[in-house]
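Below is one structure, written out as structure tokens; the observations come after it.
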Amino acid sequence: MTTALAARWILVEYWLLDAKRYWRSVLVVGVIQPLLYVLALGVGLGAVIDRHGTTSLGVPYLAYVAPALLVALAVQFGASDASYPVLSKFKWERSFHGMAGTPLTPTQISDGTLLWITLRLIVNCAVNLAIMSLFGATRRWEAILAVPAAALCGLAMAAPVAAFSASRDNEGQGFNVLARFILMPMFLFAGTFYPIDRLPEWARWVAYLTPLWHGTDLARSAALGTGSAALDVVHVAYLVAMAGVGFALSRRAFSRRVAK
């Protein structure tokens with residue numbers, strides 16, 4: 001393992017040890033929350049929708065909404081892990097400033113933090129898919145590919161949020177605006193609960209620009225076999241590009257912050 005890569009894994013180990021302090025909240029967020037989502041929106045609401053003979057989706061509602069919930073939760077987890085925890089390490093704990101006084105570089109600190117978030121996303125998505133499978137939400141083995149699709153979408157959201165968090169001197173209303181005017185509208189209108197062709201044309205084009213729509217369509221393609229290889233490539237390219245830009249912005253923001 002190269003020195004640069006080892007340095008990034010040091011950050012992963014640091015975050016892992018730090019997570020032991022709040023393992024109960026990790027358990028609640030990683031297990032209880034997706035379980036409640038599946039029961040309320042998939043099983044409960046799904047039973048009502050299926051009972052009234054809605055066949056336009058082509059599959060039971062639970063099977064339709066499950067991969068979308070997987071992606072939506074990944075986006076929420078990614079944005080959450082990249083917001084207050086990152087700001088805290090700069091403003092209140094000043095852990096990142098201390099790390100910058102060692103041979104670790106701001107780029108390695110940024111990359112290691114996002115690597116930790118990525119690993120958490122993969123584990124959370126795998127657990128979420130297992131929970132959904134217990135309720136019959138998966139219809140074929142390829143549904144497992146929804147896990148990397150959801151994790152990639154979560155990372156595409158987490159990376160620019162980490163850059164935003166590192167650039168803030170105080171929390172203010174920035175995270176509230178992010179949650180209320182970006183994350184929540186995406187959750188409601190980017191195809192999580194219904195096909196976006198139900199939306200007005202202008203709203204559909206807005207949805208096409210969101211990472212959540214790309215991740216949702218990619219996960220549904222894996223879980224239900226409804227997509228096309230060409231469109232899947234477009235989804236992956238979009239999410240990789242957004243994550244790459246986010247990584248670059250995060251590195252820049254971390255470098256500027258530790259230099260203050």
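Residue numbers start at 1 and run along the sequence shown.
Note on Leu188 and Leu183: separate hydrophobic clusters, where clusters join Ile, Leu, Val, Met, Phe, Trp and Tyr whose side-chain heavy atoms are under 4.5 Å apart, directly or indirectly. Note: the hydrophobic cluster containing Val65 also contains Val127 (ILVMFWY, side chain heavy atoms under 4.5 Å, direct or indirect links). Hydrophobic clustering of Ile, Leu, Val, Met, Phe, Trp and Tyr side chains at less than 4.5 Å, counting indirect connections, unites Leu5 with Phe247. Val240 is not connected to Leu249 by any chain of hydrophobic side-chain contacts under 4.5 Å among Ile, Leu, Val, Met, Phe, Trp and Tyr, and they are in different clusters. The hydrophobic clustering, which links ILVMFWY residues whose side-chain heavy atoms are closer than 4.5 Å, places Leu224 and Val38 together.
In this structure, CG on Asp217 lies 11.0 Å from SG on Cys153, to the nearest 0.5 angstrom.
The two atoms that bring Leu69 and Met132 nearest to each other are CB-CE, 3.9 Å, heavy atoms only. Scanning all heavy atoms of the two residues, the minimum distance from Thr192 to Met186 falls at OG1-O, 4.3 Å. A pairwise comparison of heavy atoms in Ile122 and Ala151 identifies CG1-CB, 3.9 Å as the closest pair. Smallest separation of non-hydrogen atoms from Pro34 and Leu73: CB-CD1, 3.7 Å. In plain terms, the two heavy atoms of Ala158 and Ile117 that are nearest each other are CB-CG2, 3.9 Å. Minimum heavy-atom separation, Ala63 to Arg139: CB-CD, 3.6 Å.
Panel note: side chain Ser255, backbone Pro106; no donor-acceptor pair is recorded below 3.5 Å. With Ser88 contributing its side chain and Tyr84 its backbone, the two residues share no donor-acceptor pair below 3.5 Å. Checked by atom type and distance alone, the side chain of Thr138 never pairs as donor or acceptor with a backbone atom of Arg140 at under 3.5 Å. Between the side chain of Arg257 and the backbone N or O of Ala166, at least one donor-acceptor pair lies under 3.5 Å.
Looking only at atom types and distance, the side chain of Thr226 has no donor-acceptor partner in the side chain of Ser221 under 3.5 Å away.
Tested against Arg8, the residues Asp111, Thr113, Thr107 include a single side-chain hydrogen bond (donor to acceptor under 3.5 Å, both in side chains) partner, Asp111. Tested against Met157, the residues Ile182, Leu212, Thr210, Leu239 include a single side chain to side chain contact (heavy atoms under 4.5 Å, CB included) partner, Ile182.
Within the 4.5 Å cutoff, the side chain of Ser165 has heavy atoms near those of the Phe175 side chain. Trp205 places none of its side-chain heavy atoms less than 4.5 Å from the side chain of Leu199. Using a 4.5 Å heavy-atom cutoff, the side chains of Trp213 and Phe189 are not in contact. Taking the side chain as every heavy atom from C-beta outward, Leu218 and His214 never approach each other to under 4.5 Å.
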Apply the test side chain to side chain contact (heavy atoms under 4.5 Å, CB included) to residues Val258 and Met99: give CA-CA distance (whole Å), side-chain angles for both, the deciding distance (0.1 Å), then the verdict.
CA-CA 9 Å; Val258 298; Met99 293 178 190; over 6 Å; no

For side-chain hydrogen bond (donor to acceptor under 3.5 Å, both in side chains), just list the numbers for Ser250 and Ser110, CA-CA rounded to whole Å, side-chain angles, deciding distance to a tenth of an Å, and then say yes or no.
CA-CA 6 Å; Ser250 180; Ser110 171; 2.7 Å; yes

Test log, rule side chain to side chain contact (heavy atoms under 4.5 Å, CB included), inputs Arg180 and Met184
CA-CA 5 Å; Arg180 295 176 183 177; Met184 185 55 67; 5.7 Å; no

Could you walk me through whether Leu11 and Leu115 pass the side chain to side chain contact (heavy atoms under 4.5 Å, CB included) test, one step at a time?
CA-CA 8 Å; Leu11 263 294; Leu115 178 58; over 6 Å; no

Side chain to side chain contact (heavy atoms under 4.5 Å, CB included) between Leu87 and Asn170: does it pass, once the steps are laid out?
CA-CA 8 Å; Leu87 177 62; Asn170 57 74; over 6 Å; no

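Remark: Ile144 CD1 is loosely packed, at most 12 non-hydrogen atoms of other residues, nucleotides or ligands lying under 6.0 Å away. The number of heavy-atom neighbours closer than 6.0 Å to CD of Glu13, taken from other residues, nucleotides and ligands shown, is 12 or below. Remark: Arg168 CZ is packed, more than 12 non-hydrogen atoms of other residues, nucleotides or ligands lying under 6.0 Å away. Around the CH2 atom of Trp141, the shell of radius 6.0 Å holds no more than 12 heavy atoms that belong to other residues, nucleotides or ligands.
In this structure, Phe96 and Phe254 have tilted ring planes: the angle between them lies in the 30° to 60° band. Between Trp15 and Trp116, the ring planes are parallel. Angles under 30° get that label, and only those over 60° would be called perpendicular.
Separation of the Tyr194 and Tyr64 ring centroids does not fall under the 6.0 Å cut-off.
Between Asp197 and Arg204 no salt bridge is recorded (no basic side-chain N to carboxylate O distance below 4.0 Å).
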